[in-house]
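Working notes for the structure below.
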2 protein chains.
Amino acid sequence: MENSSETRCENCIIRKLNALNALNKNELKRISDSKVTKRVKKGESIFEEGEKLNGVFCVRSGVSKLSKLSENGKDQIVKLVKKGELLGQRSVITEQSANLKAVALNDMEVCFIAKQEISTNIEGNIKFTKELLLRIADDLKTSEDALVLLGQKTVSERLLELFRYVKDNFGLDADGYLAILLTREDMANIIGTAKEVTIRTISSLKKEGSIETDGKRIKLL
Amino acid sequence: MENSSETRCENCIIRKLNALNALNKNELKRISDSKVTKRVKKGESIFEEGEKLNGVFCVRSGVSKLSKLSENGKDQIVKLVKKGELLGQRSVITEQSANLKAVALNDMEVCFIAKQEISTNIEGNIKFTKELLLRIADDLKTSEDALVLLGQKTVSERLLELFRYVKDNFGLDADGYLAILLTREDMANIIGTAKEVTIRTISSLKKEGSIETDGKRIKLL
DNA sequence: CGCATCTTTGACGGTACTCAATACCGGTGG
DNA sequence: CCACCGGTATTGAGTACCGTCAAAGATGCG
């Protein structure tokens, strides 16, 4: 951890993307003074399931996977969090320990903002609270939609949906491949199947012409 | 629909169970004056997926299932809503049309509260907004946990979890059977499988001594 | 009593899960 | 430069599970 004097929340465009955009100059200054910027390497965890969180993490760059361990020892990935989103907001709001584990999918830069800063603004700034409410309500819809996906669709449908989701939310690289790389196991843990099944499904999607691959990279057709 | 002069929100104990308990006497009076009590028969729908909601429904009695139609024509039931909860709060908050369909599982009594009453209190009463935030955050956790269930567990594990959930949230009848009756199809649409599979799974759970049945009723052992 | 709905059962095909073995790939150290 | 290593990807084979269609029995309501 290192305090980042070079970056001030007031000037950070990232905050436009989350509930923090409802704060005014003074409120942002306070947050900026107390925040701590942290670099997280690919594969490292930001917090663990069950951990008591002392604040939220604002994602400046990189992508994180939020997952929950099932009793059978396998992870279910519940959400991919991208630049601009707040990690751990639910836990801070409800003052519960984290329901999910957060792991970096690639190198990340996150700003830690202490719980108290968030609570103060929830108490004092109704615009901020409303924004939070909207974001969480949206997360809820996303999660409910994912439930339908898992409950009603076949593996290949779920996999295609995942690829579309990644394309829409993380974009493509210069060659037109999906911009973030997920291991076959991560994919499997998102769509709720075994990694071998995912691999075979990728093969058949290739055969039927829905996708193309280049090593690990995947292109939607 | 009929206006219920006999019941006033100020005196209604139900409201203790949801975000409305953050409102004061005056605010409750306003809501009570404008609210409309409605009786919904088993099987009738309260609102449809995609419908624009003009308010929320406070459940006074009965149980409702919230479901979403998948492209393959089958419903995925996302949530069971019980006495004391607010139906449609997410849609009203985000001002989006309903993401889910609400159908009565048994005869219900619900109070319709106009959207404007809710928005006014979100604007003016930070305690209320905070309460809403907490409830939605909790719904989110529930939904994420359900994701793990669907993604990682076998049909029989999911079915047992469902029975435990029903027991914990809706209780047992006089004979020790689960207090609400779900059709095998409803169960199937909750745990994300076909109704025949559900039926066979119930048989094997009976054989292995995990449950007992008496007609449609089910008892956890 | 008769219709509608729900439940149960059978049979079959296809899908998904598991274990095990092999291939590939990037990085490290000799 | 090459051999080695750990992690990831791929493939095979066998089995269990699940989805579907069809038909028959049970239940409840008018």
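Just so you know, these numbers use all the heavy atoms, side chains as well, and skip hydrogens, waters and symmetry mates.
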Less than 4.5 Å apart, side chain to side chain, heavy atoms only: is that true for [X] and [Y]?
X        : Y        : answer
B:Ile202 : B:Ile218 : yes
B:Cys12  : B:Arg60  : yes
A:Glu161 : A:Lys153 : yes
A:Ser210 : A:Leu221 : no

- Query: For residues 203-221 of chain B, which residues have at least one heavy atom under 4.0 Å from DNA chain C?
  - Reply: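 Result for residues 203-221 of chain B: B:Ser203, B:Lys216, sorted by number.
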- Task: Please list residues of residues 171-188 of chain B whose heavy atoms come under 4.0 Å from any atom in DNA chain C, ordered by number; otherwise none.
- Result: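 B:Thr183, B:Arg184, in order of number.
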- Message: Which residue is it: B:Leu160, B:Ile191, B:Val155? I am looking for the one with a side chain to side chain contact (heavy atoms under 4.5 Å, CB included) to B:Thr201.
- Response: B:Val155
- Query: Roughly how far, to the nearest 0.5 Å, is CG of A:Asn54 from NZ of A:Lys115?
  - Reply: 6.0 Å
- Once you round to the nearest 0.5 Å, how far does CZ of A:Arg158 lie from CD of A:Gln152?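 If we round to the nearest 0.5 Å, A:Arg158:CZ and A:Gln152:CD are 10.5 Å apart.
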- Query: Taking atom C1' of C:dA16 as reference, at what distance in whole Å does atom NZ of A:Lys195 sit?
  - Reply: 15 Å
Distances under 3.5 Å between nitrogen or oxygen atoms of protein and nucleotides 17-20 of chain C:
{"unit_1": "C:dC17", "atom_1": "OP2", "unit_2": "A:Thr193", "atom_2": "OG1", "d": "2.3"}
{"unit_1": "C:dT18", "atom_1": "O4", "unit_2": "A:Arg200", "atom_2": "NH2", "d": "3.4"}
{"unit_1": "C:dC19", "atom_1": "N4", "unit_2": "A:Glu196", "atom_2": "OE2", "d": "3.4"}

- Task: Shoot me the first and last contacting nucleotide of DNA chain D against chain A, ordered 5' to 3', at under 4.0 angstrom to non-hydrogen atoms.
- Result: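 Answer, 5' to 3': D:dA9 to D:dA13.
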- Task: Take A:Lys101 and A:Leu69, measure what side chain to side chain contact (heavy atoms under 4.5 Å, CB included) needs, and give me the verdict at the end.
- Result: CA-CA 8 Å; A:Lys101 174 167 90 165; A:Leu69 205 58; over 6 Å; no
- Query: With no hydrogens and no angle check, do the side chains of A:Asn99 and A:Lys68 hold a donor and an acceptor under 3.5 Å apart?
  - Reply: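 Judged by distance alone, the side chains do pair up.
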- Query: Distance only, no hydrogens: is a donor on one side chain within 3.5 Å (strictly under) of an acceptor on the other, for A:Thr183 and A:Glu185?
  - Reply: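 The criterion, which ignores hydrogens and geometry beyond distance, is not satisfied for A:Glu185 and A:Thr183.
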Let me have the donor-acceptor pairs involving side chains of residues 169-182 of chain B, under 3.5 Å, with sequence neighbours excluded, atom names and distances please.
{"unit_1": "B:Asn169", "atom_1": "OD1", "unit_2": "B:Lys82", "atom_2": "NZ", "d": "3.0"}
{"unit_1": "B:Asn169", "atom_1": "ND2", "unit_2": "B:Tyr165", "atom_2": "O", "d": "2.9"}
{"unit_1": "B:Asp173", "atom_1": "OD1", "unit_2": "B:Asp175", "atom_2": "N", "d": "2.9"}
{"unit_1": "B:Asp173", "atom_1": "OD1", "unit_2": "B:Gly176", "atom_2": "N", "d": "3.1"}
{"unit_1": "B:Asp173", "atom_1": "OD1", "unit_2": "B:Tyr177", "atom_2": "N", "d": "2.8"}
{"unit_1": "B:Asp173", "atom_1": "OD2", "unit_2": "B:Arg217", "atom_2": "NH1", "d": "2.8"}
{"unit_1": "B:Asp175", "atom_1": "OD2", "unit_2": "B:Arg217", "atom_2": "NH1", "d": "3.1"}
{"unit_1": "B:Asp175", "atom_1": "OD2", "unit_2": "B:Arg217", "atom_2": "NH2", "d": "3.3"}

- Task: Return the set of residues passing side-chain hydrogen bond (donor to acceptor under 3.5 Å, both in side chains) with A:Asp139 (not counting sequence neighbours), or none when no residue passes.
- Result: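 Checked A:Asp139 against side-chain hydrogen bond (donor to acceptor under 3.5 Å, both in side chains); zero matches.
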